Amino acid sequence: MKRVVHAACPHDCPDACGVLITVEDGRATKIQGDPAHPVTRGFLCAKVAKYLDRVYAPERVLYPARRVGSKGPPPQQTKTRFAGDPGPGAGWERISWDAALDEICERLRGINREFGSEAILPYSYGGTLGVLNGASMDRRFFHRLGASQLARNICSKTGEVGLVSVLGRKLGTEPEQFAQSRYIIAWGANIHGNNVHLWPFIEEARRQGAKLVVIDPYKTRTARCADWYLAIRPGTDAALALGMMHVIIRENLHDADYVARYTLGFDQLRNRATQYPPERVAAITGISSEDVVRLAREYATTRPAAIRMNYGVQRAENGGMAVRAIAMLPCLIGSWKEAGGGLQLSTSGAYPLRRDRLERPELMLAALGRPARTINMVEIGHALAALADPPVKAVFVYNSNPVAVAPDHNHVVQGFARQDLFTVVHEQFFTDTTDYADIVLPATTFFEHKELQTAYGHYYLQVSEKAIEPVGECRSNFQLFSDLAERMGFTEDCFKQTVDQAMDSALDLTHPWLAGIDRARLEREGHVRLNFHHGDTETPTENESPFLPFAEGGFPTPSGKAEFYSESLAAQGLDPVVAFVPPTESRHSPPARTYPLELLARKADNFLNTTFTNLPAMQQMEDRHLLEMVAADAEPRGIRDGDRVRVFNSRGEIELTARVNGSVPPGVVAAQLDWAKLSPQGRNINVLTSDRLTDMGAGATFYSVLVEVEAVSGRERP
Ligand SMILES: Nc1nc2c(c(=O)[nH]1)N[C@H]1C(S)=C(S)[C@@H](COP(=O)(O)OP(=O)(O)OC[C@H]3O[C@@H](n4cnc5c(=O)[nH]c(N)nc54)[C@H](O)[C@@H]3O)O[C@H]1N2
Ligand SMILES: Nc1nc2c(c(=O)[nH]1)N[C@H]1C(S)=C(S)[C@@H](COP(=O)(O)OP(=O)(O)OC[C@H]3O[C@@H](n4cnc5c(=O)[nH]c(N)nc54)[C@H](O)[C@@H]3O)O[C@H]1N2
Ligand code: SF4
Ligand SMILES: [Mo]
């Protein structure tokens with residue numbers, strides 16, 4: 001029997017594609033984009049187009065397994081192949097689910113007794129962004145246990161805090177509206193690589209004469225397609241935005257009416273912008289003063305103008321202020337009034353789901369009588385290796401690969417290698433993190449479970465149906481934590497909820513944006529756009545009409561206005577307006593800085609963080625283990641294209657192959673994130689990154705890293 005099932009891609013990507021899976025006799029035989037989805041319109045990225053390879057990969061984790069060998073990566077000869085059914089010598093023995101759950105419960109109970117419940121730490125991030133499998137039963141379980149809380153700040157927190165400080169909420173321009181823009185700035189946004197479904201809308205705009213400007217220190221595929229590419233120095237975006245505001249205000253190009261009605265603190269902003277004349281901005285950013293002036297004039301006068309900012313800007317140490325500065329631009333020129341204007345960083349703040357009902361934070365208060373202590377996931381290396389107080393004695397990892405993705409890799413490895421640490425990893429593959437697990441549990445893919453799906457790059461809500469039965473003995477996150485709760489003897493009703501019941505409880509139909517969008521309708525239609533009300537109006541606008549969240553102000557900030565001046569930042573001891581403060585690790589840092597080159601430890605276009613890095617079809621699409629640099633930095637170091645180089649700083653070192661290709665500006669080098677055990681010397685680029693936190697939101701600083709590079713001579717290739 002053949003049927004076609006509607007699903008939604010849950011990977012950590014703004015697009016949340018509508019997907020159609022063909023199933024024949026219980027086996028998925030084809031995957032394609034859903035042509036009916038108004039934003040993702042029938043195509044998939046290269047990664048997910050080959051998803052059958054992932055679902056049916058021979059290396060998938062299929063059964064629970066218990067470590068029999070020592071912790072750490074497997075020996076070289078078994079480096080790339082890990083049988084899902086671990087055979088003798090693989091370092092694992094297959095165990096039953098009953099045995100696995102019993103052992104986990106016994107260990108957690110013991111640790112709880114001896115060290116307290118906060119010695120247990122969950123660690124999860126973006127494996128699936130599905131509403132239920134991302135954060136529901138898992139949170140209930142750890143709250144009920146009284147476990148430590150995890151601050152999930154590794155990706156977007158800084159940008160969120162920066163954006164919200166101006167706009168009040170994570171709302172932005174709909175992707176569909178970019179087709180109507182006449183001026184588009186991709187600002188730290190690698191659209192071709194990371195948000196490919198926006199591209200056709202941009203192309204549509206360009207056919208009607210729109211100009212695309214890309215601001216990125218790395219010459220991405222997106223930059224190569226741009227009408228104008230500005231190679232900004234890393235971590236200097238706040239200065240560029242301030243320079244633009246300087247020109248816009250000086251030349252009276254701002255929208256005085258919009259500013260007067262809907263913004264707060266214009267006078268303070270004007271004073272601040274005065275301090276950033278184009279010449280000063282040029283010296284900071286590496287963009288000429290003529291270009292700063294031209295960008296400001298074009299942006300303010302070519303309408304509608306939209307900014308697609310992505311998360312690249314906010315991975316700098318001063319990223320909060322940078323996002324804040326950029327978010328002020330559309331408020332200054334009033335472009336929120338126009339379809340095809342405004343700015344998009346994320347749309348995720350639009351979904352009025354009842355997260356409280358899914359996560360049940362009150363269970364933690366009942367268990368502990370107070371909120372549990374919080375550990376920042378960015379600092380996991382130090383929390384484990386330097387022994388937080390009370391010490392972390394158990395880590396439960398799901399939806400994440402911390403040994404590969406967390407900064408300061410050497411500390412992370414040192415922490416996870418602790419023999420006294422009890423580590424459980426729920427995974428689809430034997431990753432860098434399972435190498436340090438005591439117990440590995442098999443996880444379903446989105447083909448194998450039902451899910452509710454939001455997006456962070458558009459405004460559609462979707463139901464993703466289960467297409468096939470779980471392969472092997474895989475269980476979804478939702479089921480795993482429900483099963484564990486039962487085994488722990490947790491009797492609260494919420495642990496017995498079915499997937500459908502949990503979905504229903506999340507869908508708050510009393511909220512106007514969700515009115516009429518119940519599960520039955522989502523199941524029937526697959527995807528439904530949120531119904532937006534503008535301002536305070538009670539009647540939903542026509543569903544086809546453009547969503548203009550701030551056309552008439554209505555900013556959900558404390559003042560109800562776009563805040564160029566923020567009391568709440570002042571209260572936190574931060575600059576209440578906005579300023580450029582150079583990152584500690586940057587060319588602008590004090591002369592005593594020890595390492596001369598700025599490193600961008602980037603994502604790959606054909607991987608998703610470290611997901612997909614182990615699949616041969618994806619590996620073939622990437623040139624891996626390269627250090628990209630310009631001739632001006634290579635030659636003085638005696639480095640030629642293709643040479644082995646040692647890249648190092650005080651935190652670590654890694655050997656890569658030099659690629660002298662002009663993708664980076666002088667003074668900047670770039671390399672890709674990959675699995676450590678698939679990289680030279682078994683370590684990845686995060687040996688060089690730092691767990692220093694950002695200015696706002698305590699986020700990660702992956703793009704504020706200084707290194708030195710030298711040629712490796714007369715040494716064996718690793
Ligand atoms: N193919 C693919 N798609 C992905 C991902 C992936 O790994 N691969 N990851 C997903 C995830 S988790 C996320 S958060 C999103 C992220 O999507 P993006 O925000 O687009 O992600 P990044 O690649 O981190 O950063 C975007 C660009 O910012 C540039 N950049 C770095 N530093 C600076 C700076 O100081 N100023 C400016 N102006 N630009 C800078 C980088 O060179 C990069 O090209 O993408 C998601 N989609
Ligand atoms: N150097 C450097 N480091 C970075 C970044 C960078 O740009 N450069 N990017 C940072 C960013 S933006 C992010 S978001 C983080 C990402 O950090 P993570 O969210 O840890 O990302 P992944 O490496 O993709 O690991 C996700 C894992 O979840 C597993 N998984 C998928 N679905 C499920 C499921 O349903 N259940 C379970 N249990 N597991 C599942 C996948 O197999 C995969 O191994 O990395 C950060 N690290
Ligand atoms: S990873 Fe992104 S682009 Fe690819 S299918 Fe999933 S949502 Fe679509
Ligand atoms: Mo991310």
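Model, not experiment: these values are computed from the prediction. Both counts, for ligands and for their atoms, begin at 1 and track the order of listing.
For a threshold of 3.5 Å applied to N or O pairs, the pair formed by Y311 and ligand 1 contains at least one separation below that value. At under 3.5 Å, not a single nitrogen or oxygen of Y125, backbone or side chain, sits near a nitrogen or oxygen of ligand 2. Polar contact check, H449 against ligand 2: no nitrogen or oxygen pair lies under 3.5 Å apart. Geometrically, ligand 1 and R602 share a nitrogen or oxygen pair separated by less than 3.5 Å. Taking any N or O of T220, backbone or side chain, none lies under 3.5 Å from an N or O belonging to ligand 1. Considering backbone and side-chain atoms together, T689 places no N or O closer than 3.5 Å to any N or O of ligand 2. For ligand 2, none of its N or O atoms has an N or O atom of F702 under 3.5 Å away. For the pair V313 and ligand 1, the shortest N or O to N or O distance does not fall below 3.5 Å. Of the N or O atoms in E427, one or more lie within a sub-3.5 Å distance of an N or O in ligand 2. Geometrically, ligand 2 and F429 share no nitrogen or oxygen pair separated by less than 3.5 Å.
Checking E448 against T445 by side-chain atom types alone, a donor-acceptor pair falls below 3.5 Å. Side-chain atoms of H382 and D691 form a donor-acceptor pair, as typed in the model, at a separation below 3.5 Å.
The nearest heavy-atom contact from the protein to atom 26 (C) of ligand 1 is G188 O, 3.1 Å. Shortest contact from atom 30 (N) of ligand 1 to any protein heavy atom: P217 CD, 3.7 Å. Of the protein's non-hydrogen atoms, D237 OD2, 2.7 Å is the one closest to atom 36 (N) of ligand 1. Nearest protein heavy-atom contact of atom 2 (Fe) of ligand 3 is C13 SG, 2.3 Å. Closest to atom 16 (C) of ligand 1 among all protein heavy atoms lies R315 NH2, 3.6 Å. Scanning the protein heavy atoms around atom 6 (C) of ligand 1, the nearest turns out to be F607 O, 3.4 Å. The protein heavy atom nearest to atom 27 (C) of ligand 1 is D216 OD2, 3.2 Å. The closest protein non-hydrogen atom to atom 15 (C) of ligand 1 is Y456 OH, 3.7 Å. At the top of the distance list for atom 25 (O) of ligand 1, counting protein heavy atoms only, stands G312 CA, 3.1 Å.
When heavy-atom distances to ligand 2 are checked against a 4.0 Å cut-off, E451 has no atom that comes that close, whether in backbone or side chain. Under 4.0 angstrom from ligand 2, the non-hydrogen atoms of T431 all belong to its side chain. Heavy atoms of N477 found under 4.0 angstrom from ligand 2 belong exclusively to the side chain. In A443, the part holding a heavy atom less than 4.0 Å from any atom of ligand 2 is the side chain. By the criterion of a heavy-atom distance under 4.0 Å, the side chain of Y703, and not its backbone, is placed next to ligand 2. In C155, the part holding a heavy atom less than 4.0 Å from any atom of ligand 1 is the side chain. Within the 4.0 Å heavy-atom criterion, neither part of F612 lies near ligand 1. Counting heavy atoms under 4.0 Å from ligand 1, residue L673 does not touch it at all. Only the side chain of D12 comes within contact range of ligand 2, with a heavy atom under 4.0 Å; no backbone atom does. With a heavy-atom cut-off of 4.0 Å, T445 does not touch ligand 2 at all. Looking at N686 against ligand 2, only its side chain comes within 4.0 Å, counting heavy atoms. Contacts with ligand 1 closer than 4.0 Å are made by no heavy atom of S156, backbone or side chain. Residue-level proximity to ligand 3 for P14 is absent, since no heavy atom of it falls below 4.0 angstrom.
Taking the ring axis of Y218 as reference, the NZ or CZ atom of R602 stays within 45° of it and closer than 6.0 Å to the ring centre. Relative to the six-membered ring of Y125, R152 misses at least one condition, a distance below 6.0 Å or an angle of at most 45° to the axis. Annotation: cation-pi geometry not satisfied between R54 and F447 (NZ/CZ under 6.0 angstrom from ring centroid, within 45° of ring axis).
In summary, the atoms of ligand 3 found under 4.0 Å from a heavy atom of H197, numbered by their order in the structure, are 3 (S), 8 (Fe). Counting atoms of ligand 3 from 1 in the listed order, those under 4.0 Å from a heavy atom of A16 are 7 (S).
Assignment of A322 to the shell around ligand 1 is not supported, since no heavy atom sits closer than 4.0 Å. Residue contacts with ligand 2 include R54, since one or more of its heavy atoms lies under 4.0 Å from the ligand. Ligand 2 lies nowhere less than 4.0 angstrom from a heavy atom belonging to H11. Residue L608 places a heavy atom under 4.0 Å from ligand 2. Ligand 2 lies nowhere less than 4.0 angstrom from a heavy atom belonging to T613.
The nearest non-hydrogen atom to atom 35 (O) of ligand 1, considering only G235, A316, S663, comes from G235. Taking only non-hydrogen atoms, the option from G33, A8, C45 nearest to atom 1 (S) of ligand 3 is C45. Of the candidates S476, G127, A406, the one placing a heavy atom closest to atom 28 (O) of ligand 2 is G127. In this structure, of N609, N194, V705, T611, the residue bringing a heavy atom nearest to atom 13 (C) of ligand 2 is N609.
Taking the six-membered ring for Trp and the full ring otherwise, the centers of H426 and F396 sit at least 6.0 Å from each other. Here H449 and F478 keep their ring centres 6.0 angstrom or further from each other.
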Can you list the steps and then say if T613 with L673 is a side chain to side chain contact (heavy atoms under 4.5 Å, CB included)? CA-CA 9 Å; T613 53; L673 182 61; over 6 Å; no
Apply side chain to side chain contact (heavy atoms under 4.5 Å, CB included) to residues R315 and C155 and explain how you reach the verdict. CA-CA 8 Å; R315 298 193 218 291; C155 168; 4.0 Å; yes
Would you check, one step at a time, whether the test ring-ring contact (aromatic ring centres under 6.0 Å, His included) holds for H37 with H458? CA-CA 11 Å; H37 192 292; H458 60 68; 4.9 Å; yes
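The nearest N, O or S atom of C9 is closer to atom 6 (Fe) of ligand 3 than 2.8 Å. When distances to atom 8 (Fe) of ligand 3 are checked against a cut-off of 2.8 Å, C17 contributes an N, O or S atom below that limit.
Nearest approach of V403 to H409, heavy atoms of both residues: O-ND1, 2.8 Å. Smallest separation of non-hydrogen atoms from A8 and F446: O-CD1, 3.5 Å. Nearest heavy atom pair, residue A671 against residue L627, reads CB-CD1, 4.2 Å.
Counting non-hydrogen atoms of other residues, nucleotides and ligands closer than 6.0 Å to NZ of K219 gives a total of 12 or fewer. Atom NZ of K47 sits in a crowded spot, with more than 12 heavy atoms from other residues, nucleotides or ligands closer than 6.0 Å.
Note on ring orientation: taking the six-membered ring where Trp is involved, the planes of H11 and F612 are tilted (angle from 30° to 60°).
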